[in-house]
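Single-structure report; data block below.
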4 protein chains.
Amino acid sequence: MTAPTTVPGALDGLAIEVPSWAYGNSGTRFKVFGTPGTPRTVQEKIQDAAKVHELTGLAPSVALHIPWDRVEDYAALGDYAEGLGVRLGTINSNTFQDDVYKFGSLTSSDESVRRRAVEHHLECIEVMDATGSRDLKVWLADGTNYPGQDDIRGRQDRLAESLAEIYARLGEGQRLVLEYKFFEPAFYHTDVPDWGTSYAQTLALGEKAFVCLDTGHHAPGTNIEFIVAQLLRLGKLGSFDFNSRFYADDDLIVGAADPFQLFRIMVEVVRGGGLEPGSGVALMLDQCHNLEEKIPGQIRSVLNVQEMTLRALLLDRAALEDAQRSRDVLAANAVFMDAFYTDVRPALAAWREERGLPADPMAAYAASGYQKLINDTRTGGTQAGWGA
Amino acid sequence: MTAPTTVPGALDGLAIEVPSWAYGNSGTRFKVFGTPGTPRTVQEKIQDAAKVHELTGLAPSVALHIPWDRVEDYAALGDYAEGLGVRLGTINSNTFQDDVYKFGSLTSSDESVRRRAVEHHLECIEVMDATGSRDLKVWLADGTNYPGQDDIRGRQDRLAESLAEIYARLGEGQRLVLEYKFFEPAFYHTDVPDWGTSYAQTLALGEKAFVCLDTGHHAPGTNIEFIVAQLLRLGKLGSFDFNSRFYADDDLIVGAADPFQLFRIMVEVVRGGGLEPGSGVALMLDQCHNLEEKIPGQIRSVLNVQEMTLRALLLDRAALEDAQRSRDVLAANAVFMDAFYTDVRPALAAWREERGLPADPMAAYAASGYQKLINDTRTGGTQAGWGA
Amino acid sequence: MTAPTTVPGALDGLAIEVPSWAYGNSGTRFKVFGTPGTPRTVQEKIQDAAKVHELTGLAPSVALHIPWDRVEDYAALGDYAEGLGVRLGTINSNTFQDDVYKFGSLTSSDESVRRRAVEHHLECIEVMDATGSRDLKVWLADGTNYPGQDDIRGRQDRLAESLAEIYARLGEGQRLVLEYKFFEPAFYHTDVPDWGTSYAQTLALGEKAFVCLDTGHHAPGTNIEFIVAQLLRLGKLGSFDFNSRFYADDDLIVGAADPFQLFRIMVEVVRGGGLEPGSGVALMLDQCHNLEEKIPGQIRSVLNVQEMTLRALLLDRAALEDAQRSRDVLAANAVFMDAFYTDVRPALAAWREERGLPADPMAAYAASGYQKLINDTRTGGTQAGWGA
Amino acid sequence: MTAPTTVPGALDGLAIEVPSWAYGNSGTRFKVFGTPGTPRTVQEKIQDAAKVHELTGLAPSVALHIPWDRVEDYAALGDYAEGLGVRLGTINSNTFQDDVYKFGSLTSSDESVRRRAVEHHLECIEVMDATGSRDLKVWLADGTNYPGQDDIRGRQDRLAESLAEIYARLGEGQRLVLEYKFFEPAFYHTDVPDWGTSYAQTLALGEKAFVCLDTGHHAPGTNIEFIVAQLLRLGKLGSFDFNSRFYADDDLIVGAADPFQLFRIMVEVVRGGGLEPGSGVALMLDQCHNLEEKIPGQIRSVLNVQEMTLRALLLDRAALEDAQRSRDVLAANAVFMDAFYTDVRPALAAWREERGLPADPMAAYAASGYQKLINDTRTGGTQAGWGA
C-alpha cells in the first residue's frame, strides 16, 4: 500500500504504561552501570515518566514497584503524578530480594515465609486502594536450581493457596495478573514457567484473575502471537509486559530485536479485540536500559509500539480474508507483509502535530534540555535501581 | 544406595503400549531406508509387537493407526492379537496424508474438509467400539507455514467445534486424548502447539478428554517433568508418547538422548500417582527407528522405561523430604541423584527370571532366530511405513 | 529517511542463483503434496527458472543437483539454458539417498562406501567441466543418531581425507564450497555441524575451498550476521543458501520469518565487500515450497533479497559511524532501523520499468498465463521431487 | 558391566582446578544472597580450596581472578597456598567491571580504553611470572545490545590486534586461552561467541594460544562433545570451564543438569588424548553456588568430574569399535550406555581410602567442623563476591 496519510481513530486510545524502574539503573550479574541524571526517588522517576508522556502522548500512567517505590502517602504521590500529567498504574509486588525468599515465597514450604509473602501482597492491595490502581501484578522468582531441591508439585499446590488468599482480598474493580517466565533467576524449574500454568492458576482463582504475558519470557522459537490469540479467545489476557530479546530475558527495547514479531503480536491484539475500550488488556513496558539512555529509551519504546500498532491497524483485513479463503498462501502473506513494510512514520508525525505533540519526540527530547537539567541537578543521594 | 536386590511391587503393573507403526519403515524427508523383515500387514506388525511383549513382559498392547492399519474385521484382528498374547490399544487418527488436508483438517475453514476430518474421527471411534479400545488419540498436523496464511484465532474456534462433535460420539469408558506439538510439519504456527492449548481445549470438552504429552514435542529447554506434575495435579494427564530428542521431534529411543530427564519425568509420574491402578495415565512409545533395527529398538525402549521407573521407585522419599524441609539443596539433590546412579539392571534381570522371562531380553531376541525368520519370509509385498 | 527515488548502482549487479529442485515437489516426512504444473525433467525446471529471471532480472543462473538433474549431454543442457536466457550454475552433489550411505558417505569407515562417495564428487566435477560451473557444493547428511553409534573423531579425519581427494581434482577457476548444518537428517551428531568445522576443513584444503552458509542451518538464537562478517573477514565466505526459519531447517521463503535478520545479514555482506565484483560470494536460494506455488514462491524470494539488499545499501554509513563513535546506542540503532523501515518498493518498481521489467513481477506472473500453460501441458510423467 | 572393583591408573592423574571466586558470593541480577563463612580475602578463598583438595585429592590448584584476587606479593601468596597443599593456577583477567568498559575492552574503538584493557592483560602476565602460572585466561564481556550499536567487523579486527599485543608478551611456557560465550552480558552480539571465532583468533596468534571451552556457553542443543573432539583434533583445546545448565549460562554444578552429556564429553576427552600427561588440556570449574553451600558444592563438583571420567575410562573400546565396525547401532549404543550406567561409586570410595582420603568426602566435610569454624570466625569485613 502507499504510505497512509491519515491514522485510524483506534490509535487515539493507545496507552502504554511505563514502569518506574525503567528510569533507574539496571544491568546484569556482571555489572550495573550508573548514569548521570538517574532518579533517586520515586518522584523523580515519575518526573521522567511524565516527560515521556509529554513528548509522545502515549504513556499516561506509571507502574510502581513495591517496596522500591514505597512512600508514606500514596494519595499524595498520586496527586504529585497528576500534577505532572500522568497517573499511577499497576502495582508490582516483589518477593525476590529479601533474604527470607531465598528458597521461594508464595510457594514456600516454610509457613512463616509464605505468610510474609502473602502479607506483602495484601500490603500491595492496600497501596492499590490508596492509588486507585486497578491491577496487582504478581511475578514470582520462585523456583529451584537443582533436580530434587524441592517438591515441584507441592509448591504448585501452595501457590494456589497463597494466590487464593490474596485474590480474596481484591476489592471491586481490582484485578490480579499473574506473570509467567520460562527461567531466571531459577535455573532448573520455575513455579510459573508458562502461560498454561498462569492460565490454570488464574482460572481457579476466578474472574478477576488474568494472565500477564511478558514478551521476553518464552522458550526459544515460541510463537508468542499464538498465545496472545489464545488468551484473548479464553478471555484471560490481562496485560503485556513489552520488551524484546535475542536470547533469554534480555529486556531490550520492544521491537528492537524482531520488529516483525511485534507486528504479528499487535495484529492478534487487534484481531482479538484487545485494543477495544473495555477489553481490559493493559499494555506495559518492562525493560532494562543497561547501555542506552533511559528516558529516550522509553520514548523509543512507546513509539515502537505505536508504529507497529498502526501497521497492524492498516492491515487490509478484507483482502487478507479473501486470500485466506482461497488458500492462496503467497497472496495472503503478501497482504500481511504489505502492512508491515508500509512506512507509517510520516503519518504519525502529522498525527502528533495535529495534537500539539512534537513530530519527532526523540529529537524534541534531545532539544529539550531535560537531560542536562537532571544530570546537573540529580547529584548526591543514591541512584535508583533494582533493590533501591 | 547399594544396588537393590528386590524390586518394588509397583513395577509389576508397568505396561507400555507399543505403536504398530514403529515396526514399519520411517525416516526423514531426505530418505526412508528399508530393511529386511519389515512387516507388510498389520498382522505382521502385531506379530513383532507380540515378540517384544513375549521377551519383556512389558508391552501387552499395540496402538493402531487408522488408516494405516485399517482392516475389514477389527474383532478378528483383536482375536488375532490375543492369540499372540497382546491386545489392541489406542486408536490413532490420521488427517495429515490426504491431499485434502493440505491446509488443515479439524481447523479447516473449508467445511467439506472439516466434515471429512470429523467423519474420520467418528470412524475411529467405531473402530474403538469394535476393538474395545479405550482411547482415541488425536494428533493434528494442522498449522500454517507463513504469517498471514490463515486466521489463527478462527482456526482455534473451529478446532473447538470439531472436537466437541467428536467428543459427543464417545461411548462409555472411552476417552479422547489430544496431543500437542511445538512444530512440524507446520513451520510458522501449529494449532495445538503446547500443553496449555491442549489443556484449554480438553477442559472445554469435559471429563473424558485428556492431554497427551509426547516427550519430543516441546521447545528447547522446556522442563517436561514440570508439565507432567502440573497435568497430574489438574487431573488431565491422559497419556505419554515416549521418545527422546536432541534437537527437534527426533523420535529417538526413549531415554537415549537424556536418561536423566526420563528419570525426572518418571519421578513426577510416581509422585503424582500416575503409576497407580486407575490413574488413567497410559504409557506409550512413539518412535522412529530410522537407522537401528526395529524390534530390538522397541525392546530397548520398553526396558529403558522399566529401568528408569524402577530408579524412580527406589528414590528415598523420606530422606528427600527431610533434606527438602531443611532447605539443604545439596543433600536433597544427592538423595535424588543417588537413585538415578543406582544400577538397577541386576535386580531387573532377577525379576525377569522369576517371571519366566529372559534375563537379558536383547540377547534373547538376538538368539531367538526371529529376525532371520522374518527376513527370510517377509519377501514381496509392500513394506509398511508412514502412508502405507 | 524519505523513500528513495533512485537506486544505487551497486544493486544492478545483484544476481541470485535459483535451485532446480525448488521447482519440484517437496515436503516433510509426513507428506509431500503434489501440484499441477510441476516439472518432470530438468529442462522443465530450467524453463521455470528462466521465467523467474525473465520477470525479475535477478536470477540469471540455475543450480543443478546430481543425480536429480543428470543428463547425457551437459553441454547441450547448457545451450538449452542459454537459449532461455539463463545459465547453469553450482553443481550440488548428493550422498544421502542411496542405500549405501545409510551410515555415512565421505566420513564412512567402510572404504567401499567412501570410495563411492568420493567418485560421485569427481563425477560432479566432470559435470562442472562440461557446464562451465564454478562451484561444487558439498552438503553432507553424514552423522549419527545415537551416542556411541560411531567414532566422531575418526569420521572427521576421514572427512578431511575424502575432501582432500576431491579438492585435488578441482580445475582452474573451480571451487569447493562446504556447507554446514546444525542437525537433520542426523539427530545426535552431524559431521559438519557449524561454521567452525567448515572453516577448519576448508582452511586445510586450500584457497579454492570455501564455506557455504545456509541461513537455516544454525542453533536457535545464533547471530548469523556475525558469522557472515567473520567469514568475510577470514576470506572464506563462498556462498549463501538463502531461506528462512522459525524453528529448524524449515526452508521457508527467504525473509519470510525474520525480515530484519535478512536486513542485518545483507548489511554485513555489504560491509564486508560481499557484493563487490570479484568478491566470490555467491547468493543462492535453497528453499522448499511445500504449500505455496513454486514459481511465484521463487519470484517472491529473489524480490525479498533485492528489497533487503537495497535497504542495506541505503544505510547511511557516515551517520552510523558518527553515532557509533560517540557511543550513542540509540542514535546508532536509529540510523540502522531507519534504513530497515524505509519503503523501497516504489523505487524498485521504477528501477524495473527502466530496465523493461514488469514493475510488479508477482502480478506479471499471475497475468502471464504461464501457470495455466504448464498446468495444462505438464501431464503424465513423474513430477520432479527429492529423489526424482 | 558389573561394578568395577579397581580403578584405571589413568584416573590417578586427574586434577581439576577450582576457581577462587566460587567460594565468594554470587547470584543473579535479581539478588545475590550472602552466606555465613564466606571468605573476605583471597587467602580465605585459598583455605577453602585447600579444604576441597584435602578431602578429595582432586583439586591441587586454584585459579585467580584479577583484580578480585589482587595482592601486593604474589610470591608470598604462592607460598601461602603451598603451605596449605595447593598451588596457584590460571590467571583470569577482568575487563567487565570498570565503567570504562561499558562499550567494550579489547575490541573498543576508543584507543584509550583498548590500551587500558591491553595493559590489564600485561599486568596479568606479570602476575603469572610471579606465581608461575601457565595460563592466562581471557574471557571478554565485549559485545553489543542493539543492531547497529557498533561495527561488528571492526571490533573483530581490533580484537585481533589487541590479542596479538598480549600474546607477544607471553613468556616461555606461558599460554593464552581464549574463552568463547554465546551471549551475556551482551544481548545482541558477542565478540567471541563461538568456538570457531576463538579458533580463528588463536590460530592467528600462534602455538601458545588455545581455546577455552566453557560447557555452559553454547546455543541450545549444541553438541559439545563434538567441539571437544574437533578442538583436540586441531590441537587447540586449551582448557575447560566446567559447569552445567538447563537454559543459559546457569553456572550450575558440573554434571548436575545433564550427567550423560558430561559422560559424552569425558569420552571424547579420553578418546582425543586429553587426559594424557602433556596433553595441555586444563580441567577447571567455573560455577556459581547461588543457593547451595559453596565448599561442599565444589566438592560435589570435582567428585562429579571424577566419577564421570572413570565411567569414560571404563568404556569397553574394543567392544565399541567392533559394534561400530559392524554398523550395529543398538549394540554400539549399548556398549556406550553400559559404561554410563555402571555404578562407580563403591570403587572410587575404595580408591580414596587406599590413598588416605575419606571414602565419602561430602560426609567428611560435614563432619569436619570446618563450616562451623568459618561461620564463627569469618565475621566482619566484606564478603567476597563478583566485584569484590
Side-chain angles (χ1 to χ4, degrees), chain C residues 102-103 109-110 144-154 156-157 160 182-183 188-191 193-200 203 218-223 225-227 229-230 232-234 260 263-264 267-268 271-272 315 320-321 323-325 327 329-330 332-337 340, chain D residues 102-103 109-110 144-154 156-157 160 182-183 188-191 193-200 203 218-223 225-227 229-230 232-234 260 263-264 267-268 271-272 315 320-321 323-325 327 329-330 332-337 340:
Chain C
K102 185 172 182 178
F103 299 107
S109 59
D110 182 326
T144 59
N145 277 4
Y146 290 96
Q149 178 185 328
D150 204 354
D151 177 20
I152 289 175
R153 166 69 180 271
Q156 196 70 208
D157 294 334
F182 186 48
F183 82 100
Y188 162 56
H189 110 276
T190 294
D191 288 300
D194 51 24
W195 79 264
T197 294
S198 185
Y199 173 64
L203 193 68
H218 302 86
T222 300
N223 184 323
E225 58 269 27
F226 176 87
I227 300 174
Q230 182 69 277
L232 281 165
R233 177 180 173 271
L234 296 167
F260 184 44
F263 172 72
R264 300 191 311 263
V267 166
E268 291 303 327
R271 166 67 177 87
L315 179 59
L320 182 66
E321 283 164 26
Q324 289 174 346
R325 223 180 341 257
R327 327 262 175 252
V329 176
L330 290 168
N333 181 249
V335 172
F336 199 81
M337 298 311 294
F340 176 68
Chain D
K102 185 172 184 178
F103 298 107
S109 59
D110 181 328
T144 60
N145 277 5
Y146 289 96
Q149 179 185 326
D150 204 356
D151 176 20
I152 289 175
R153 166 69 180 272
Q156 198 68 209
D157 295 333
F182 186 50
F183 82 101
Y188 162 56
H189 111 277
T190 294
D191 289 300
D194 51 23
W195 80 263
T197 294
S198 185
Y199 173 65
L203 194 69
H218 302 86
T222 301
N223 184 323
E225 57 269 27
F226 176 87
I227 300 174
Q230 182 69 279
L232 282 165
R233 177 180 173 271
L234 296 167
F260 184 44
F263 173 73
R264 301 192 310 263
V267 166
E268 291 304 327
R271 166 67 178 87
L315 178 60
L320 183 65
E321 283 164 25
Q324 289 174 346
R325 224 179 342 253
R327 327 261 175 253
V329 175
L330 290 168
N333 181 248
V335 172
F336 199 81
M337 298 311 294
F340 176 68

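Protein chains get the first letters and strands the later ones, always in sequence-line order, with residue 1 at the start of each.
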Could you tell me which portion of [X] (side chain, backbone, both or neither) has an atom closer than 4.5 angstrom to a non-hydrogen atom of chain D?
{"X": "Thr190(C)", "result": "backbone"}
{"X": "Phe182(C)", "result": "side chain"}
{"X": "Asp151(C)", "result": "both"}
{"X": "Arg153(C)", "result": "both"}
{"X": "Glu321(C)", "result": "neither"}
{"X": "Leu315(C)", "result": "neither"}
{"X": "Gln149(C)", "result": "both"}
{"X": "Arg271(C)", "result": "side chain"}

Set of residues satisfying side chain to side chain contact (heavy atoms under 4.5 Å, CB included) with respect to Asp191(C), sequence neighbours excluded
Thr107(C), Asp142(C), Arg155(C), His189(C)

So which of Phe340(D), Phe226(D), Phe103(D) has the largest heavy-atom pair count under 4.5 angstrom toward chain C?
Phe226(D)

Mind ranking Val267(D), Asp194(D), Leu203(D) by heavy-atom pairs under 4.5 Å with chain C and telling me who comes out on top?
Asp194(D)

Not counting sequence neighbours, which residues clear side chain to side chain donor-acceptor pair (under 3.5 Å) with Arg327(D)? List them please.
Ser109(C)

Quick one: sort the Phe263(D) and Phe260(D) rings into parallel, tilted or perpendicular, breaks at 30° and 60°.
parallel

Looking at OH of Tyr199(D) and CD1 of Ile227(D), how far apart are the two atoms once the value is rounded to the nearest 0.5 Å?
14.0 Å

